[in-house]
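Notes for the one structure printed next.
Model, not experiment: these values are computed from the prediction.
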Amino acid sequence: MSAGRPFLACACFFSDNIFVGRYGLHVRYRDEAQLRREHGRALQERGCRSDREFETALREIEAEVQRRKQLIHQSVERKAVISKCYKRKHPEVYVLQDSFLAPDFLEIVRYCTSPDADLHGLLRYIESFSDKRIYRLPVFTEEFCQAFVDELENFEQSDMPKGRPNSMNNYGVLLNELGMDETFITPLREKYLRPITALLYPDLGGSCLDSHKAFVVKYSLHEDLDLSSHYDNAEVTLNVSLGKDFTEGNLYFGDFNQDPAPVPKYIEIKHVGAHGLLHRGGQIHGALPIASGERWNLIVWMRSSTIRNQLCPMCNKKPELVEAEGFGDGFTESLEDDVPETVDLCSLW
């Protein structure tokens, strides 16, 4: 599949799906005239009515575009500083061990790697929600979650440079910059999660998820309270509730890959400590406001170059590939033999 080839990004990253937080709207941006033409009415409906308000939104959008253009260089710099200067409080949590994983999760993985494993059998081990292909399963032990959050808080309180997890979350940690990609997230994806996703999401490249973006997000009363409707730049997403103590803040899920606002029909799902939700990246979802306390979630966007090389999930076009750092956005230069015979790409889109 992608062995020996660098991962790339799609050029739409610099212009599409830019989140205007104060109006809860994702926009595409080329220039001011295009923004007014394509998104002026939606902005007005959300309260952006005066010239001054539009100019403020325009400056925020342009600042986000510039941030994205500088992202690779700044991320490499931050990672180097953290690697050299950060003193880890719990160095053991940086290398994945079976003891970190819930016994029931290990049992699920054992089933999925057995010769007779199939979807029907797997569904006896995990909780399924409606017909949206959303599943809950135990992932970590409570002890690991406590140590992991303690490590994250130690990093948060340090004077190390910190990048935003994504354009919608202001508080959290990029795990590749913290140094957890190679020793924790990659083996979690390859050894443990991929046998599960191969059965749950074969049409989304569940058996060939070959890259990821992993980060932790934090919600608290005086920081980020909630998360607006959106879909992920991923084929499959894992969302694990790490703690701590909080009330409310449930997740909600709408339809698949439609206009994120408003959500036409949705189901609400509570967080369960140390458990994860698996869902399709294109599933519209968000998080309701927490009422008290503090919540940390591990998010892993898992990607299949075999799938996304055909069509970028963010712009719905053939990807215009540009250089990237690390796993980039999971694209690779396509080869003729990349597409597995068992995947009918025409049925996916």
Quick check: does any side chain N or O of [X] sit under 3.5 Å from a backbone N or O of [Y], one acting as donor and the other as acceptor?
X: Ser304; Y: Leu209; answer: no
X: Thr113; Y: Val109; answer: yes
X: Thr197; Y: Arg194; answer: yes
X: Asp210; Y: Ser305; answer: yes
X: Thr56; Y: Arg52; answer: yes
X: Glu53; Y: Ser50; answer: yes
X: Asn309; Y: Thr332; answer: yes
X: Lys79; Y: Gly179; answer: no
X: Glu151; Y: Lys89; answer: yes

CD/Glu323: more than 12 non-hydrogen atoms of other groups inside 6.0 Å: no
Atom CD of Gln97: over 12 foreign heavy atoms under 6.0 Å: yes
Partners meeting salt bridge (charged side-chain N to carboxylate O under 4.0 Å, His left out) with Glu153 (sequence neighbours left out): Lys244
Set of residues satisfying salt bridge (charged side-chain N to carboxylate O under 4.0 Å, His left out) with respect to Arg280, sequence neighbours excluded: none
Pair Tyr266 and Phe253, ring centroids less than 6.0 Å apart: no
Ring centroid separation Tyr125 to Tyr111 under 6.0 Å: yes
Between [atom1] of [X] and [atom2] of [Y], what distance do you get to the nearest 0.5 Å?
X: Glu325; Y: Leu8; atom1: CD; atom2: CG; result: 12.5 Å
X: Cys112; Y: Leu200; atom1: SG; atom2: CG; result: 7.0 Å
X: Asn239; Y: Asp232; atom1: CG; atom2: CG; result: 8.5 Å
X: Leu175; Y: Tyr94; atom1: CG; atom2: OH; result: 9.0 Å

Any heavy-atom pair between the side chains of [Y] and [X] that's under 4.5 Å?
X: Ile269; Y: Arg136; result: yes
X: Leu298; Y: Phe140; result: yes
X: Ile134; Y: Leu278; result: no
X: Val216; Y: Ile299; result: no

Would you say the side-chain atoms of [X] and [Y] include a donor-acceptor pair closer than 3.5 Å?
X: Arg88; Y: Asn154; answer: no
X: His285; Y: His230; answer: yes
X: His271; Y: Arg295; answer: yes

Results of side chain to side chain donor-acceptor pair (under 3.5 Å) for [X] - residues two or more places apart only:
X: Lys317; value: none
X: His212; value: Asp181, Arg189
X: Glu77; value: His73
X: Glu62; value: Tyr29

Sequence neighbours excluded - salt bridge (Lys or Arg N to Asp or Glu O under 4.0 Å) pairs with any residue from residues 18-35: Asp16-Arg30, Arg22-Glu60, Arg28-Glu38, Glu32-Arg36
Salt bridge (Lys or Arg N to Asp or Glu O under 4.0 Å) pairs, two or more places apart, involving residues 100-113: Glu107-Arg110
Val65-Val20 co-clustered via ILVMFWY side chain contacts under 4.5 Å: yes
Plane angle bin for Phe327 and Phe7 - parallel if under 30°, tilted between 30 and 60°, otherwise perpendicular: perpendicular
Apply ring-ring contact (aromatic ring centres under 6.0 Å, His included) to [X] and list each qualifying residue two or more places apart in sequence or on a separate chain.
X: Phe184; value: Phe144
X: Phe331; value: none
X: His275; value: none
X: Tyr192; value: none

Audit row: Trp296, Phe148, ring pair (Phe, Tyr, Trp, His ring centres under 6.0 Å) steps and yes/no: CA-CA 10 Å; Trp296 293 78; Phe148 188 28; 8.7 Å; no
His90/Asp150 under side chain to side chain donor-acceptor pair (under 3.5 Å): CA gap, chis, key distance, verdict: CA-CA 8 Å; His90 296 282; Asp150 196 38; 2.7 Å; yes
Taking every non-hydrogen atom, the tightest pair across Pro161 and Ile82: O-CD1, 3.6 Å
Under-4.0 Å salt bridge between Asp329 and Arg303: yes
Residues Arg78, Glu177: salt bridge by 4.0 Å N-O rule: yes
